[in-house]
Amino acid sequence: MNRQRRKDFLLPLGGEQSFEPPVPPQSLMVGNVPSQESPEQVALAAHRDARQLVRLVQCPQCSRPLSAPATLPCGHTVCRRCLPHPRPRANISYPNTPDRLFGLACPLPQCGAEHAAAECNVDVTLSKLVELIKAEMTKHNPSTHATPTQLEEILQCDDSMAMEEKEKMRDISNQRVLHGGRLVSTFTMAEIGELQYGSDLVYHTLSSTGDDYQQLDNALLDRLREVAHKELDCLVCYTLMMDPTTTSCGHTFCRRCLARVMDHSSICPVCRRDLHIPASLQNKCSNALLNSLLNGLCPDLVAARAAAAEAEEQPGDDTLTTPLFVCTLALPTMPTFLHVFEPRYRLMMRRCVEGNRQFGMVMYNRTSAPQGDLGPTQFLEYGTLLEIVNFELLRDGRSFVETRGVGRFRICAHGMLDGYHVGRIERVEDLSLAEEGELEQRETTSAQELADQFQRENPDAALPADIALNLHSTQNLLDSCMEFIRQMRQASAPWLSARIVSVYGEPPEDPALFPYWFASVLPITEEEKYVLLRTNRVRERLKIVYSWIGRIRGQRWPSGNACSIL
Ligand SMILES: [Zn+2]
Ligand SMILES: [Zn+2]
Ligand SMILES: [Zn+2]
Ligand SMILES: [Zn+2]
């Protein structure tokens, strides 16, 4: 059996070593989520669908052509100036950055959520597109008044409206004679603020020959398609965006491309800003407007792109691609040192080093407890993907391996390959920051209500532990943990010796990572620490380690892990 290398043993770096950049294993790649619109949609026609085409670049809030459009986390787009002023958000402390502690109420009634101000930035692709479209519209606006069309606005009526109200709406609806064909005249009407976003239009040509200027519309739409097409390429794969997904920094990629990038990085591939989104992009909305533009302007290209992507995905599906090392608990971002001597694992390590340098670390299932759908397997269901940082091969074939945790996973299926386990894994990711914020808000608010009620009924009693725990803000939980570390250091706790800190580093101030560090240095059983691999909430992880501190302070640690070591 192999064992975890002594934690205080650091491998000497073998001089200048260069490794190939890690490539995410195929099993970690996230399949494309179908776009919101049906790819079989027919292209919008210049003349017939002029009203619909112009609506694509109208702001649903102010009804003017979009200006500095911002795409919100709900996937909707409005002008930046149409966003309400940010306000401090109640009961949210994580992440502790000013732009996340402020939120704004989504102006769109179909959403109604409170979005973090940090996530409401100008959409780079749409800004450029809208400017190009405006420029083409201006170019095609005729200087002579020789192509008149009468436009009559039909305001949207609610079925519940009384007849009188409907008639009143007819009175306030706009009528205009404008020039240059339906597309240009409709756009002009929106520009002068006389066309509500939801309104329809009736067109009457005023041409003496009965010409309805269809050719003008067709020529303009061809030109619009041409200019738009150049902007609709993904900045990762350089082909037409497939299910465009916009990041908080305003950059847009195919959903699948962004997922692949996020699998091994947390920064935007264009502007390198930190993104904080789960690699699976779970619950991340697509850019609704870009999807509509793609499907409205070039549905044939969208369909061809989707078919090509699907063909690409076929091979390698459902294979057991991740080698599994059954040995010890490893944690994300933390180092794990291994001494490998069993022949089957020597083979596995050699293959890993020649391949993408990654493998999964899982713990033994000592109690043979059933592991979800897998049943009572030899190993536990959740593990950590490790990346080889340093590999030292001894002459007798044994090796010392220094690794770092990349991310957590759950095993979906497993088998054997040349004596070692292999699996199909799915990533375990934290909730999005928006969901984490909602969770904190909900938990602390309801704990406060319960605490008030309890204190009214039992003025002299101490609060029940669960209520007291939930009262803490996420930042507060981290601060308390940090304070505990400071106290333990002052008391010269041996598990915080300089040697251990030199291996695991100083405690991270990121609440998402602190629990992994704390679990790495704290001398408690691996089974206790294992629960950290299963939760996908930062706040939950902090509560777990906070409860460990409570037990250490209360000297209520189970036997075998006596507090005397502190
Ligand atoms: Zn919204
Ligand atoms: Zn607007
Ligand atoms: Zn792409
Ligand atoms: Zn960016």
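Order of appearance sets the numbers: ligands from 1, and atoms from 1 within every ligand. Just so it is clear, the structure is predicted and the values come from calculations on it, not from any experiment.
When each of Leu66, Leu293, Val57 is tested with Leu126 by the rule side-chain contact (heavy atoms from CB on, under 4.5 Å), just one qualifies, namely Leu293. Just one residue in the list Asp200, Thr186, Asp49 forms a side-chain contact (heavy atoms from CB on, under 4.5 Å) with Arg55, and that residue is Asp200.
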Step by step, work out the salt bridge (Lys or Arg N to Asp or Glu O under 4.0 Å) result for Arg223 and Glu226.
CA-CA 5 Å; Arg223 183 69 196 129; Glu226 214 172 289; 2.8 Å; yes
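Put simply, the angle at the Zn ion (ligand 1) from SG in Cys74 to SG in Cys106 is close to 120°, to the nearest 10°. Rounded to 10°, the angle that NE2 of His115 and SG of Cys111 form at the Zn ion (ligand 1) is 100°.
For the Zn ion (ligand 2), protein N/O/S neighbours under 2.8 Å (waters excluded) are Cys59 SG, Cys62 SG, Cys79 SG, Cys82 SG. Inside a sphere of radius 2.8 Å centred on the Zn ion (ligand 3), the protein N/O/S atoms present are Cys234 SG, Cys237 SG, Cys254 SG, Cys257 SG.
Considering all non-hydrogen atoms of both residues, Leu240 and Val302 come closest at CD2-N, 3.8 Å. In terms of heavy atoms, Gly103 sits closest to Arg89 at N-CG, 3.2 Å. Gly407 approaches Arg427 most closely through the heavy-atom pair CA-NH2, 4.3 Å. Of all heavy-atom pairs spanning Met189 and Leu151, the tightest one is SD-CB, 3.8 Å. The shortest heavy-atom contact between Asp217 and Arg182 is OD1-N, 3.1 Å.
In summary, Arg100 and Glu119 engage in a salt bridge, as defined by a charged side-chain N under 4.0 Å from a carboxylate O. Using a cutoff of 4.0 Å between basic side-chain nitrogens and carboxylate oxygens, Arg357 and Glu387 are not scored as salt-bridged.
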